2 protein chains.
Amino acid sequence: MKQYNLGIEATLEIIGGKWKALIICLLMSGVKRTSELQRNIHGISQKVLIQQLRELEKDGLVSRHVYQQMPPKVEYSLTEYGVTANKIVDVMCSWGKENIQMRQQRGEDIVLLEEMLPDH
Amino acid sequence: MKQYNLGIEATLEIIGGKWKALIICLLMSGVKRTSELQRNIHGISQKVLIQQLRELEKDGLVSRHVYQQMPPKVEYSLTEYGVTANKIVDVMCSWGKENIQMRQQRGEDIVLLEEMLPDH
DNA sequence: TAAGATGGTTACTTCAAAGTAAGTACTGGA
DNA sequence: TCCAGTACTTACTTTGAAGTAACCATCTTA
């Protein structure tokens, strides 16, 4: 029997890790192709991206649509359940934005490029 | 110059990782001693707990109060800024709770012990 | 004809985070 | 007198997540 002390432990198992919250964040703005995701997630390798997407699919947050054509085309989108995770991802985005602003006011040499991304 | 594409990246740097969100979650219910935290976070070692607390302190989320007595007594609490992270931790808790309930209804053999913890 | 883009898989390596175990210093209780 | 509890630190090991690089098949464009 699997035991959790706090709800947050289950959350961390599903969307914890280095990339998953970020992937969900990008999928929130709509359906995305593999290469589109990879271009927008700086530093992720194709292997890890696909691996994370498959895990999110297994957990029911993401659905994968393969088009039977050449060259291959695969699209990823959030499921109905995946969309419920926006509650988390939204606050993580806005809290992070405030954090960056605060650090900028303190004189740290950082920028948020958000506005320069496609789909914004 | 440090660059972020999305606010969430900064958030993940600060409260990402295996334990930090959980620690903040526990500190939300008030001041805690080291040993108290360790007892309530199943599986964490003392070394890692203290290391995570120091990092949270460095990032301004947690404050550390040392009592000059024997035996030693150290208390950790959220700073004013740390308290703002409850926006994140709260939704992670409730989303996780719903996730567990959903999986229970599907017949998975899991429990949430939350109610049995102290401070509840 | 050769490169580039598509969306993967596989095998291997690296590395940082976490785990383990021991030591420090002091007190109180059995 | 010796063990337990307090809050650490240090040194070393483990492990799993991520990185790297090569490969596959197909089509388009230069």
Side-chain angles (χ1 to χ4, degrees), chain A residues 2 5 8-9 11-27 30-59 61-78 118, chain B residues 2 5 8-27 30-59 61-77 118:
Chain A
K2 184 138 205 173
N5 287 320
I8 199 171
E9 294 169 19
T11 304
L12 289 169
E13 274 185 12
I14 296 169
I15 64 159
K18 198 170 173 181
W19 304 109
K20 284 180 184 169
L22 205 49
I23 291 171
I24 292 169
C25 196
L26 288 168
L27 289 178
V31 177
K32 294 268 181 301
R33 298 185 65 174
T34 318
S35 52
E36 217 173 336
L37 286 170
Q38 204 183 347
R39 274 192 299 269
N40 285 319
I41 306 177
H42 181 75
I44 200 171
S45 67
Q46 196 177 24
K47 189 198 79 171
V48 172
L49 172 61
I50 289 161
Q51 183 183 295
Q52 304 293 303
L53 283 164
R54 293 287 162 85
E55 285 175 21
L56 288 169
E57 197 190 356
K58 193 190 91 253
D59 288 325
L61 304 201
V62 159
S63 69
R64 183 168 177 265
H65 185 322
V66 183
Y67 292 84
Q68 286 303 338
Q69 27 171 269
M70 271 306 157
K73 180 176 174 180
V74 180
E75 284 182 343
Y76 293 94
S77 57
L78 292 178
Chain B
K2 185 138 204 173
N5 286 321
I8 199 171
E9 294 169 19
T11 305
L12 289 169
E13 274 185 11
I14 296 169
I15 63 159
K18 198 169 171 181
W19 303 110
K20 285 181 183 169
L22 205 50
I23 292 171
I24 292 170
C25 197
L26 287 167
L27 289 178
V31 178
K32 295 268 180 301
R33 299 184 64 174
T34 319
S35 52
E36 215 173 338
L37 285 170
Q38 205 185 345
R39 275 191 298 270
N40 285 319
I41 305 177
H42 181 74
I44 200 170
S45 68
Q46 198 176 26
K47 189 199 78 171
V48 172
L49 172 62
I50 288 161
Q51 182 182 296
Q52 304 293 302
L53 284 164
R54 293 288 162 85
E55 286 176 20
L56 287 169
E57 196 189 357
K58 193 190 92 255
D59 289 324
L61 305 200
V62 160
S63 70
R64 182 168 177 264
H65 185 322
V66 182
Y67 292 83
Q68 287 302 340
Q69 29 171 264
M70 270 307 157
K73 179 175 174 180
V74 179
E75 284 181 341
Y76 294 94
S77 56

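Side-chain atoms are counted along with the backbone in the values below, which use heavy atoms only and exclude waters and symmetry mates. Note that the coordinates shown come from a computational prediction; the quantities given were computed from them, not determined experimentally. In the text below, chain A, chain B and the rest are named by the order of the sequence lines, each starting its count at 1.
- Axis angle between the ends of the helix from C:dT1-D:dA30 to C:dA30-D:dT1, five pairs each and rounded to 10 degrees, works out to 20°.
- Nearest heavy atoms, A:Asn40 versus B:Asn5: O-ND2, 4.3 Å.
- The salt bridge (charged side-chain N to carboxylate O under 4.0 Å, His left out) analysis of residues 13-27 of chain B, with sequence neighbours excluded, yields the pairs B:Lys2-B:Glu13, B:Lys20-B:Glu55.
- Of all the residues in residues 44-52 of chain B, B:Ser45, B:Lys47, B:Val48, B:Gln52 reach under 4.0 Å from DNA chain C with at least one non-hydrogen atom.
- Nearest heavy atom pair, residue A:Gln38 against residue A:Ile44, reads NE2-O, 3.7 Å.
- Residue-level contact check: A:Gly16 touches neither bases nor backbone, having no heavy atom under 4.0 Å from any strand.
- Across B:Ile23 and B:Gln52, no two heavy atoms sit closer than the pair CD1-CB, 3.7 Å.
- To the nearest 0.5 Å, atoms CG (B:Leu22) and CG (B:Leu26) are separated by 5.5 Å.
- By the side-chain contact (heavy atoms from CB on, under 4.5 Å) test, A:Leu12 pairs with A:Ile8, B:Ala21, B:Met92, sequence neighbours left out.
- Where DNA chain C meets chain A (any atom under 4.0 Å from a heavy atom), the bounding nucleotides read 5' to 3' are C:dT6 to C:dA11.
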I'd like a table of donor-acceptor pairs (distance under 3.5 Å, sequence neighbours excluded) in which one partner is a side-chain atom from residues 63-74 of chain B, with atom names and distances.
from, atom 1, to, atom 2, distance (Å)
B:Ser63, OG, B:Ser77, OG, 3.2
B:Arg64, NE, B:Tyr76, OH, 3.3
B:Tyr67, OH, B:Glu75, OE1, 2.9

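- In this structure, B:Tyr76 reaches the sugar-phosphate backbone alone: every heavy-atom distance under 4.0 Å involves primed, P, OP1 or OP2 atoms, never a base.
- Here OG1 of B:Thr11 is found 9.5 Å from CD of B:Glu9. Values are rounded to the nearest 0.5 Å.
- Considering only heavy atoms from C-beta on, A:Leu56 stays 4.5 Å or farther from A:Leu27 through its side chain.
- Where DNA chain D meets chain A (any atom under 4.0 Å from a heavy atom), the bounding nucleotides read 5' to 3' are D:dA18 to D:dC27.
- Evaluation of the side-chain contact (heavy atoms from CB on, under 4.5 Å) rule for A:Ile50 yields A:Thr34, A:Gln46, A:Arg54 as partners, not counting sequence neighbours.
- Using a 4.5 Å heavy-atom threshold, the side chains of A:Leu61 and A:Ile15 count as touching.
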